[in-house]
Visitor: 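Below: one structure in structure tokens.
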Amino acid sequence: MQELFISCKMFGMFCRVLVLFLCFLVACGRAPNPPNNTLRISFAIFPTTFDPRKSGDFISATAICLIYEGLTRCLPDGSAEPALAKRIEISSDGTVYTFHLRKSVWSDGEPVTARDFERTWKEILDPKTPSLCAYLFYPIKNAEAAFRQEMPLSEVGIRAIDDWTLEVVLERPTPYFLSLTSFPTFLPISERGDMIQNGPFLIDRIEPQSLIILKKNPTFWNFANIEIDQIQINIIPSEPTAFEMFERGELDWLGGLLSPICFEALASSHIQNKVQYFPMSASTFFTFNTSEGLFSNKNIRRAFSLAIDRREIADEILPTRQILATRCIPPALCGGKDRELFPPYNPALAREYLKKGLEELGQTELDPLSLSFRAGPSDRLIAQVIQRKWKDVLGVDVELEQMDFKTHKDTLHRRQYQVALANWVAQYHDPMNILERFKDSDNAKNYPGWENPEFASLIKAAQSANNDQQRNLLMEKAEELLAEEIPLLPLFHWSNPSLCHPRLRNIHTTPSGGVLFERSYVIDSNKLQKSL
């Protein structure tokens with residue numbers, strides 16, 4: 001274990017030396033002039049899909065929102081503004097939404113109609129469609145029953161009254177429904193294929209796993225207000241490489257989930273005054289597979305949770321202003337409010353719960369465990385520290401299993417793991433987005449496979465609540481139960497760092513970490529030199 005701790009320190013020293021070396025290279029080299037009116041960004045991985053119906057990860061969602069337009073678009077404060085819907089009528093009881101569409105066309109010149117929305121949304125609710133986010137449509141009348149094949153899709157409350165009018169009937173008033181309609185899964189698909197788009201940009205060129213070039217869409221309804229002519233997206237898995245490119249002036253923006261900044265670079269004085277931090281409705285956590293085996297026992301989960309020093313991870317391992325998690329819901333979703341729902345690191349109590357849990361399972365000792373995590377220096381270092389802690393406190397041998405992004409995601413969805421390091425990003429600006437994932441064990445984003453009748457009852461009651469006060473109280477009780485049962489342990493909530501080149505202006509982010517690139521613009525290199 002001492003060797004492992006030394007290796008963590010050596011890894012940190014290596015990153016510091018690497019950052020200093022990269023800074024030396026930047027100082028010695030002259031950054032090339034960027035192409036005029038082209039935004040240059042990077043993704044850590046290639047998008048898994050460009051199809052809104054199949055979207056389920058942050059990077060794919062970012063690309064999809066650049067090439068498709070929906071009824072509404074997300075604003076920096078998490079609310080939504082009309083997009084293809086030029087006018088929205090809401091019934092007095094809050095259950096019927098009527099969207100009046102503006103005239104717009106697909107990239108092949110065919111009109112975008114209300115029928116495109118009806119067809120796409122019902123396809124997502126068809127179990128034959130491999131959608132990870134069908135549950136987001138459950139506020140719509142009969143949507144959940146149709147997805148479970150208990151009712152025909154024709155009975156779902158989605159109806160194109162005519163080409164330019166879409167009527168949506170909800171099961172009950174849903175305060176966040178308009179925010180939902182700006183999420184990628186709610187964007188329409190042309191019946192002629194997903195390479196026909198209707199967003200601010202079009203796919204111009206793709207080099208698989210390497211490069212994506214987007215060009216301004218000449219048929220976009222709001223063409224005149226899109227100032228960027230082209231977006232060049234480099235696929236750069238290596239955080240130090242992306243940082244070097246930014247320092248050389250080859251990238252205009254770096255940060256967030258799109259292209260994380262190496263945390264060792266963030267600690268260097270060279271860039272500390274350039275980094276901007278913004279709170280985000282996202283968390284990193286440990287998830288226990290509760291569907292079978294060791295972690296089906298609550299006392300075992302308690303033991304492993306109490307054996308984790310979350311303060312050490314948030315303050316020392318990740319010195320990047322992350323927020324120590326003491327509740328399940330990211331405070332950014334709750335007006336910044338925090339709650340003390342998880343007890344602190346307690347080795348003695350952890351060993352007591354372990355003994356009790358093993359007795360309940362009829363075991364006398366722990367077998368070696370497998371801890372799954374996705375590739376990346378920060379996740380790897382967290383996994384190594386936890387491996388050491390669980391060995392020191394609980395005496396368990398932990399095998400680390402590093403996976404690429406896609407494999408790790410599939411492993412979580414299929415629950416083919418024992419314990420895993422994972423994260424979530426809220427898809428809409430409401431605590432219900434996190435809580436509703438645990439109402440049913442068959443939800444793909446319910447990574448622990450945990451289900452509790454009392455919890456499900458609280459969520460259903462909150463969804464049917466008559467006022468915000470009652471709804472918030474029920475959600476708080478559900479969160480308390482989730483923390484008590486510990487199917488997962490949040491480590492920290494995100495405060496996302498970003499770096500922005502001086503030539504990139506009017507850049508905005510959303511509480512869910514989305515970057516509104518379509519609203520930004522770049523300054524000509526020669527003009528920038530004069531202004532500086």
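FYI, the numbering just counts along the sequence from 1. Everything numeric in this text was worked out from a predicted model, so none of it was measured.
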Visitor: Distance-only, no hydrogens or angles: does the Arg159 side chain make a donor-acceptor pair with backbone N or O of Val156 under 3.5 Å?
Guide: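 It does not hold such a pair.
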
Visitor: Name all residues meeting the side chain to side chain contact (heavy atoms under 4.5 Å, CB included) criterion together with Gln402; count only those two or more places apart in sequence or in a different chain, and write none if there are none.
Guide: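 If we apply the side chain to side chain contact (heavy atoms under 4.5 Å, CB included) test to Gln402, skipping adjacent residues, the hits are Phe373, Ala375, Arg380.
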
Visitor: Under the ring-ring contact (aromatic ring centres under 6.0 Å, His included) rule, collect the residues that match up with Phe58, sequence neighbours excluded.
Guide: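 Phe58: no ring-ring contact (aromatic ring centres under 6.0 Å, His included) contacts found.
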
Visitor: With Pro184, which residues qualify under side chain to side chain contact (heavy atoms under 4.5 Å, CB included), at least two apart?
Guide: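 Once residues adjacent in sequence are excluded, the partners of Pro184 under the side chain to side chain contact (heavy atoms under 4.5 Å, CB included) criterion are Ser55, Ala61, Ile64, Cys65.
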
Visitor: For Arg102, I'd like to know if atom CZ has over 12 heavy atoms of other residues, nucleotides or ligands within 6.0 Å.
Guide: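 Counting neighbours around CZ of Arg102, more than 12 heavy atoms of other residues, nucleotides or ligands fall under 6.0 Å, so yes.
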
Visitor: Take atom NZ of Lys54 as the centre, draw a 6.0 Å sphere, and report whether it contains more than 12 heavy atoms from other residues, nucleotides or ligands.
Guide: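 Atom NZ in Lys54 is not packed in, count stays at 12 or less.
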
Visitor: Would Leu489 and Arg310 count as a side-chain contact (heavy atoms from CB on, under 4.5 Å) if you check the C-alpha gap in whole Å, the side-chain angles of each, and the deciding distance to 0.1 Å?
Guide: CA-CA 10 Å; Leu489 176 71; Arg310 288 171 289 128; 4.1 Å; yes

Visitor: Could you walk me through whether Thr62 and Val515 satisfy the side-chain contact (heavy atoms from CB on, under 4.5 Å) test, starting with their C-alpha distance in whole Å, then the side-chain angles of each, then the deciding distance to 0.1 Å, before giving a yes or no?
Guide: CA-CA 8 Å; Thr62 299; Val515 187; 5.9 Å; no

Visitor: Would you tabulate the side-chain donor-acceptor contacts of residues 131-138 under 3.5 Å, counting partners in other chains and residues two or more places apart, or write 'none'?
Guide:
| residue | atom | partner | partner atom | Å |
| --- | --- | --- | --- | --- |
| Ser131 | OG | Arg53 | O | 3.1 |
| Ser131 | OG | Cys133 | N | 3.3 |
| Tyr135 | OH | Gln427 | OE1 | 2.7 |

Visitor: Distance only, no hydrogens: is a donor on one side chain within 3.5 Å (strictly under) of an acceptor on the other, for Trp494 and Thr284?
Guide: yes

Visitor: Side chains of Thr48 and Ser60 only: does a donor on one sit below 3.5 Å from an acceptor on the other?
Guide: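 Their side chains do contain a donor-acceptor pair, which is all the 3.5 Å distance test asks for.
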
Visitor: Would you say the side-chain atoms of Asn234 pair up with the backbone N or O of Ile236, donor to acceptor, closer than 3.5 Å?
Guide: no

Visitor: Is there a donor-acceptor contact under 3.5 Å linking the side chains of Thr407 and Asp404?
Guide: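 Judged by distance alone, the side chains do pair up.
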
Visitor: Restricting to ring-ring contact (aromatic ring centres under 6.0 Å, His included), what partner residues turn up for Trp424, sequence neighbours left out?
Guide: Phe285

Visitor: Which residue pairs satisfy the salt bridge (Lys or Arg N to Asp or Glu O under 4.0 Å) criterion with at least one member in residues 213-228, sequence neighbours excluded?
Guide: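 Checked against salt bridge (Lys or Arg N to Asp or Glu O under 4.0 Å) - neighbours excluded - the pairs reaching residues 213-228 are Asp204-Lys215.
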
Visitor: Say you draw a straight line from CG of Asp338 to CD1 of Ile323; how long is it, rounded to the nearest 0.5 Å?
Guide: 7.5 Å

Visitor: Quick one: list whatever passes side chain to side chain contact (heavy atoms under 4.5 Å, CB included) with Ala420, sequence neighbours left out.
Guide: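 Thr287, Ser372, His408, Leu412, Tyr417.
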
Visitor: I'd like to know if the side chain of Gln209 reaches the main chain of Glu207, judged simply by a donor and an acceptor atom lying under 3.5 Å from each other, with no hydrogens or angles considered.
Guide: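 Not a single qualifying donor-acceptor pair exists.
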
Visitor: Could you grab the distance from atom CZ of Arg205 to atom CD1 of Ile233, nearest 0.5 Å is fine?
Guide: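 Arg205 CZ to Ile233 CD1: 12.0 Å, rounded to 0.5 Å.
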
Visitor: Could you give me the CA-CA distance, side-chain angles and deciding distance for Ser520 and Asn506, then say whether side chain to side chain donor-acceptor pair (under 3.5 Å) is met?
Guide: CA-CA 5 Å; Ser520 60; Asn506 198 40; over 6 Å; no

Visitor: Looking at Arg374 and Asp379, would you say the former's side chain and the latter's main chain have a donor-acceptor pair under 3.5 Å?
Guide: no

Visitor: Under 4.5 Å between any side-chain heavy atoms of Glu239 and Ile261, yes or no?
Guide: no

Visitor: Determine the minimum heavy-atom distance between Leu258 and Pro260, stating which atoms define it.
Guide: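 Taking every non-hydrogen atom into account, C-CD, 3.9 Å.
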
Visitor: Measure the shortest side-chain to side-chain distance between Phe286 and Leu491 over non-hydrogen atoms and say whether it is less than 4.5 angstrom.
Guide: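 They are in side-chain contact.
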
Visitor: Below 4.5 Å, heavy atoms only, C-beta onward: do Ile231 and Ile41 meet side chain to side chain?
Guide: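 Ile231 reaches Ile41 side chain to side chain.
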
Visitor: Do Thr49 and Asp51 get their side chains close enough for a donor-acceptor pair, meaning under 3.5 Å?
Guide: no

Visitor: Determine the interplanar angle of the Phe177 and Phe99 rings, folded into 0 to 90°, and report it as parallel if under 30°, tilted if 30 to 60°, perpendicular if over 60°.
Guide: tilted

Visitor: Please check this pair: side chain of Ser512 against backbone of Gly514, looking for a donor-acceptor N/O pair closer than 3.5 Å.
Guide: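 Flag not set: sc Ser512 to bb Gly514 has no pair under 3.5 Å.
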
Visitor: I want to check something: taking the side chain as every heavy atom from C-beta on, are Cys500 and Leu254 in contact at a cut-off of under 4.5 Å?
Guide: no

Visitor: Can you run down the salt bridge (Lys or Arg N to Asp or Glu O under 4.0 Å) pairs that involve residues 422-431, sequence neighbours left out, and say none if there aren't any?
Guide: Asp430-Arg471

Visitor: For Thr129 and Asp126, does a side-chain donor sit closer than 3.5 Å to a side-chain acceptor?
Guide: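 No pair is found: no donor N or O on one side chain lies under 3.5 Å from an acceptor on the other.
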
Visitor: Quick check: are there more than 12 heavy atoms from other residues, nucleotides or ligands sitting under 6.0 Å from NZ of Lys86?
Guide: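 No.
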
Visitor: Step by step, work out the side-chain contact (heavy atoms from CB on, under 4.5 Å) result for Leu125 and Glu144.
Guide: CA-CA 8 Å; Leu125 291 171; Glu144 183 173 6; over 6 Å; no

Visitor: Side chains of Ser283 and His493: does their closest heavy-atom pair fall under 4.5 Å?
Guide: yes

Visitor: Within the supplied structure, the quantity of interest is the number of heavy atoms (other residues, nucleotides, ligands) at a distance under 6.0 Å from Arg414 CZ; does it exceed 12?
Guide: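 12 or below, so no.
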
Visitor: Tell me the ring-ring contact (aromatic ring centres under 6.0 Å, His included) pairs involving residues 188-231, sequence neighbours left out?
Guide: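 As it turns out, there is no ring-ring contact (aromatic ring centres under 6.0 Å, His included) pair with a partner in residues 188-231 once direct neighbours are skipped.
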
Visitor: Please enumerate all residues that pass ring-ring contact (aromatic ring centres under 6.0 Å, His included) together with Phe517, with sequence neighbours excluded.
Guide: Trp253

Visitor: Would Thr38 and Val522 satisfy side-chain contact (heavy atoms from CB on, under 4.5 Å), going step by step from the backbone distance to the final call?
Guide: CA-CA 7 Å; Thr38 294; Val522 293; over 6 Å; no

Visitor: Under a 4.5 Å cut-off applied to non-hydrogen side-chain atoms, are Arg503 and Arg40 in contact?
Guide: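 Yes, side chains in contact.
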
Visitor: Does Glu81 come within less than 4.0 Å of Arg73, counting only side-chain N to carboxylate O?
Guide: no

Visitor: If you round to the nearest 0.5 Å, how far is OG1 of Thr113 from CG of Leu84?
Guide: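 Between Leu84 CG and Thr113 OG1, I get 11.0 Å after rounding to 0.5 Å.
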
Visitor: Could you grab the distance from atom CD1 of Ile235 to atom CG of Leu211, nearest 0.5 Å is fine?
Guide: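 Ile235 atom CD1 to Leu211 atom CG measures 7.5 Å (nearest 0.5 Å).
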
Visitor: With distance as the sole test, does Gln230 use its side chain to make a donor-acceptor pair with the main-chain N or O of Ile213 at under 3.5 Å?
Guide: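 Not a single qualifying donor-acceptor pair exists.
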
Visitor: Donor-acceptor pair, distance only, cut-off 3.5 Å: does the side chain of His429 make one with the backbone of Ser281?
Guide: no

Visitor: Do the side chain of Asn198 and the main chain of Tyr68 share a donor and acceptor less than 3.5 angstrom apart?
Guide: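 No, Asn198 side chain to Tyr68 backbone: no donor-acceptor pair under 3.5 Å.
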
Visitor: Using side-chain heavy atoms (C-beta onward) and a distance below 4.5 Å, is Glu69 in contact with Leu187?
Guide: no

Visitor: Mind checking what makes ring-ring contact (aromatic ring centres under 6.0 Å, His included) contact with Tyr428, not counting sequence neighbours?
Guide: Tyr176

Visitor: Going by the side-chain contact (heavy atoms from CB on, under 4.5 Å) test, name the single residue among Ile203, Ile228, Leu202 that passes it with Leu214.
Guide: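 It is Ile203; the other options fail the test.
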
Visitor: Is there a donor-acceptor pair closer than 3.5 Å between any side-chain N or O of Thr181 and the backbone N or O of Leu178?
Guide: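 Looks like yes, one N/O pair under 3.5 Å.
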
Visitor: Check whether any side-chain heavy atom of Trp121 lies under 4.5 Å from a side-chain heavy atom of Ile189, and answer yes or no.
Guide: no

Visitor: So, does Arg192 use its side chain to make a donor-acceptor pair with the main chain of Asp108 at under 3.5 Å?
Guide: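 Between the backbone of Asp108 and the side chain of Arg192 there is no qualifying donor-acceptor contact (under 3.5 Å).
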
Visitor: How would you list, by chain and number, every residue that makes a salt bridge (charged side-chain N to carboxylate O under 4.0 Å, His left out) with Glu436, sequence neighbours excluded?
Guide: none

